[in-house]
2 protein chains.
Amino acid sequence: MRRAVTLLDVARAANVSKTTVSNVFSWPERVRPALRARIEAVARELHYAGPDPKGRMLSSGKVNAIGVVPIGNFGITLFFTHEYGNAFLGGVAHTCEERGVGLSLVSGRANEWGINDALVDGFIFESAEQIDLIEPARRRRLPVVVSGVAGPDITSITIENRKGAREVTRHLLELGHRRFVIASVMWQFVPPVFHPPTGAPRQFVAVGPPILERMAGVADALAEFGLSFDDMPVMEGCGTPEEEAAFGNGPGMALDLAPEATAVIALNDGVALNIIEQAKKRGLSVPRDLSVVGFDDVAGAARSEPPLTTVHHSAFENGRLAASLLLDGGPPRHVVMPVKLVVRASTAPPRK
Amino acid sequence: MRRAVTLLDVARAANVSKTTVSNVFSWPERVRPALRARIEAVARELHYAGPDPKGRMLSSGKVNAIGVVPIGNFGITLFFTHEYGNAFLGGVAHTCEERGVGLSLVSGRANEWGINDALVDGFIFESAEQIDLIEPARRRRLPVVVSGVAGPDITSITIENRKGAREVTRHLLELGHRRFVIASVMWQFVPPVFHPPTGAPRQFVAVGPPILERMAGVADALAEFGLSFDDMPVMEGCGTPEEEAAFGNGPGMALDLAPEATAVIALNDGVALNIIEQAKKRGLSVPRDLSVVGFDDVAGAARSEPPLTTVHHSAFENGRLAASLLLDGGPPRHVVMPVKLVVRASTAPPRK
DNA sequence: GACGTTTTTTGAACCGGTCCGAATCGTGAT
DNA sequence: ATCACGATTCGGACCGGTTCAAAAAACGTC
């Protein structure tokens, strides 16, 4: 493929200045119709495709595109393997489309097309877990929006984790439950850990800020009923096939190690759905023998058997808002997205 | 925000040439350790974030990113509302990640961040339906890969539509079926159309090339058993909620207008699943009263009640391959992806 | 036809780097 | 001390456009 035709080629061929050709394409009304027609003809003859965005970008300094970085130390494939990431990205795409702005997927891993190389005007981070990823973006002096807990000088979007956890726990308490297991999520691939009740605060292995907030919400509700979070067993483990293959199924262990519990408070829906499955395997009927609640209201929550009582929030809306905040610019803001308790059929009063 | 620090600023501050600073970042081994350390210190002091990708891109001419354009005249949101598009994009992302190449989502709609503005080194089109979109990309002299039927000078990936349709139809014929309805897809939003058998080729309203190939495959199998496609009723309609609201449910009409059929050959899984639903509404048991087959093996096909007999192919693999072909470059190629008949529980011998 | 305006067109600077050939520096051998 | 040669560093061109002030052309008026 020979050298591409440039604006200058057209200018020379038409015997006018670069500027005039540029105007023909970017400010047509500025050039006399006759001349414009002549230049357009020349351009067509030379198969000139119009100003190359590369050049335009360089002089304007604007790329007219934003980058989205997936959660954690994973690559962009995560956007397609995780429901949350997918929905979030969908929301970002929605806003980008509305505003006529480009969207680039940027890997959070080093040595890849990443934060340092991406041709974008700003970044959206799907999660705040990796502050070290946010730093390079800020060093590039590009605006950043984080979906998650970030510093005061970074625009962020969080959800009412604490309130949601409080409400769903209160729901169980109001049904009459008093003995719980908390099934937590791990955001690293490590073996599940069971924490028996100690009556004192425990040190958990792999919980991020949002999960801590959810735990705080659970504690709030328990306290309202005179109970203590420290008296409830906590299981850390995700129950993914990979975890099960490597270490055994965390949620299942929760059921085995805390058989006295009448309800499981899972800190996300993935774990909750896993619990339901494991309960069935053990001949327990949900919600007759065991109530289960989750958090997030993923697509599968409504379809599970029984449908899951959980806390709804919208990854799509988060994504939409993240893109809006980024594109609107302005000083750092901190938006908290509302959540809503969704009572379905996985909860019932405890068996007598 | 004041002007960003540039390479030149660092050079001046360190009292060296631009080139040397550039080398410090791009070819560190070329500059003497002592000087390098000094320059790095100056850069740090000035909060220089390293070479701006914009500049690098301009001189190299390479953006190191590719663009993906969704099917048809839709925006990029389609990647998140359509299962096929999502899986396809996931495959593209997978390859991009492997190769350390950026990925941009590009709208197929005019007047948006589109083919003409995207900062990419090449394009992948999720579908060949809109040749007019491919043209501008080629005018920009960027390499293009199309997932679908395209001209001989454009690299394309197609699937064995005809063979798959032939096999799934043969499967029904071997079970003993002889009276069919073909439930076709429409790729435009127009009212469903019923085509009674005429014994002669009919003119369909909204079928694209892949669907035509599938029809040809159905015709092949029928011919092997001495039957003619022209003697089978064809219904065009998708059965989406939007269609149902505006015009009524196409697949349902197929059942009503061709009650003598013992099997429905749906040309994609969406329609097939719709047929199953509509059959249930009419008190028909699948597969006892009616066999149903689809095409594509979407995620829902295995989960439906009964699980759907269909033709498997992988949107993810298509995407992966599309990206590989684009990044590998080379002369136009035309890859045909294999399909595989997946027999599940939606087919059985016709009722006596 | 001369002159003041307004509209078009032009030339040069700039955006932020990379790259290549030439100039300069440092070092070991003579 | 001088020379040759390899290792460093420098200067300037280049990538493909946009932008702005100034020059040139067109237009209207007296």
Side-chain angles (χ1 to χ4, degrees), chain A residues 2-40 42-43 46-64 116-121 139-142, chain B residues 2-40 42-43 46-64 116-121 139-142:
Chain A
R2 74 190 176 295
R3 205 172 111 312
V5 185
T6 79
L7 196 91
L8 187 58
D9 297 327
V10 177
R12 274 202 274 256
N15 220 359
V16 292
S17 75
K18 271 192 346 174
T19 309
T20 305
V21 180
S22 174
N23 281 336
V24 167
F25 288 96
S26 303
W27 305 94
E29 71 278 13
R30 281 192 193 163
V31 26
R32 218 155 15 108
L35 181 57
R36 186 191 345 170
R38 188 162 66 81
I39 295 178
E40 277 166 350
V42 172
L46 261 50
H47 294 108
Y48 179 62
D52 187 319
K54 290 202 275 280
R56 194 202 308 266
M57 174 234 78
L58 183 59
S59 54
S60 73
K62 277 269 161 208
V63 176
N64 203 35
N116 287 314
D117 310 307
L119 285 165
V120 296
D121 296 325
R139 259 209 308 280
R140 278 184 63 185
R141 297 175 198 278
L142 294 177
Chain B
R2 74 190 177 297
R3 205 174 112 312
V5 185
T6 78
L7 196 87
L8 187 57
D9 297 326
V10 178
R12 274 201 274 257
N15 221 0
V16 293
S17 76
K18 275 193 340 174
T19 309
T20 305
V21 181
S22 174
N23 281 338
V24 167
F25 288 96
S26 304
W27 305 95
E29 71 280 11
R30 281 191 193 163
V31 26
R32 217 157 12 107
L35 181 58
R36 184 186 350 164
R38 188 161 66 83
I39 295 178
E40 275 167 350
V42 172
L46 261 50
H47 298 290
Y48 179 63
D52 187 320
K54 290 201 275 282
R56 194 202 308 266
M57 173 233 79
L58 184 59
S59 54
S60 74
K62 276 272 162 207
V63 177
N64 202 34
N116 287 313
D117 309 308
L119 284 165
V120 296
D121 296 325
R139 259 209 307 281
R140 278 184 64 186
R141 296 175 199 278
L142 293 177

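Computed over heavy atoms, backbone and side chain alike; hydrogens, waters and symmetry mates excluded. To find a chain, count down the sequence lines: A is the first, B the second, and so on, and within it residues start at 1.
Counting non-hydrogen atoms under 4.0 angstrom, B:F25 reaches nothing in the nucleic acid. A:S60 comes within 4.0 angstrom of no nucleic acid atom, judged by non-hydrogen atoms across all strands.
Put simply, OH on B:Y48 and CZ on A:R140 are 11.0 Å apart, with the number rounded to the nearest 0.5 Å. Separating the CZ atom in B:F25 from the CD atom in B:E40 is a distance of 7.0 Å, to the nearest 0.5 Å.
Between the CZ atom of B:R12 and the P atom of D:dC10 there is a distance of 14 Å, rounded to whole Å. For the pair B:N64 CG and D:dC15 P, the interatomic distance rounds to 21 Å; values are reported in whole Å. With rounding to whole Å, A:K54 atom NZ is found 13 Å from D:dC15 atom P. For A:N116 and C:dG17, the CG to P distance is 13 Å, given to the nearest whole Å. Straight-line distance from the CG atom of B:N15 to the P atom of D:dT8: 20 Å, rounded to whole Å. Here the C1' atom of nucleotide D:dG17 and the CE atom of A:M57 are 10 Å apart, to the nearest Å. For B:D52 and C:dC15, the CG to C1' distance is 10 Å, given to the nearest whole Å. Rounded to whole angstrom, the span from the CG atom of B:L8 across to the C1' atom of C:dG17 amounts to 10 Å.
Phosphate contact (OP1/OP2 of C:dT10, side-chain N/O of A:S17, threshold under 4.0 Å): present. In this model, the phosphate group of D:dG17 is approached by a side-chain N or O of A:Y48 to a distance below 4.0 Å at OP1 or OP2. Residue A:W27 has no polar side-chain atom (N or O) positioned under 4.0 Å from OP1 or OP2 of D:dT18. Phosphate proximity of D:dT9 to B:T20: absent, as no side-chain N or O sits under 4.0 Å from OP1 or OP2.
Below the 3.5 angstrom threshold, one finds no donor paired with an acceptor across the side chain of A:K18 and the base of D:dG16. Judged by atom type and distance alone, A:T19 reaches the base of C:dG11 through a side-chain donor-acceptor pair under 3.5 Å.
Side-chain atoms of B:I39 and B:V10, non-hydrogen and from C-beta on, do get closer than 4.5 Å to each other. Looking at A:R30 and A:T20, their side chains never come closer than 4.5 Å, going by heavy atoms from C-beta outward. The side-chain heavy atoms of A:R38 and A:V16, taken from C-beta on, include a pair separated by under 4.5 Å.
B:N23 places no side-chain N or O within 3.5 Å of a backbone atom of B:V31 that could act as its donor or acceptor partner.
Against DNA chain D, the stretch residues 29-36 of chain A makes no heavy-atom approach under 4.0 Å.
Candidate nucleotides C:dC19, C:dT18, C:dT10 were compared by shortest atom distance to the side chain of B:L7, and C:dT18 ranks first. Distance from the side chain of A:S26 is smallest to D:dT18 among D:dG16, D:dT18, C:dG11. Among D:dG16, C:dG16, C:dT9, the nucleotide with an atom closest to any side-chain atom of B:T6 is C:dG16. With D:dT19, C:dG17, C:dT10 as the choices, the nucleotide that has an atom nearest any side-chain atom of A:S22 turns out to be D:dT19.
Side-chain contact check for B:S22 and B:T19: no donor-acceptor pair (N or O, by modelled atom type) lies under 3.5 Å.
Projected onto DNA chain D by closest heavy-atom contact, A:S59 and B:S59 fall at different nucleotides, the more 5' of which corresponds to B:S59.
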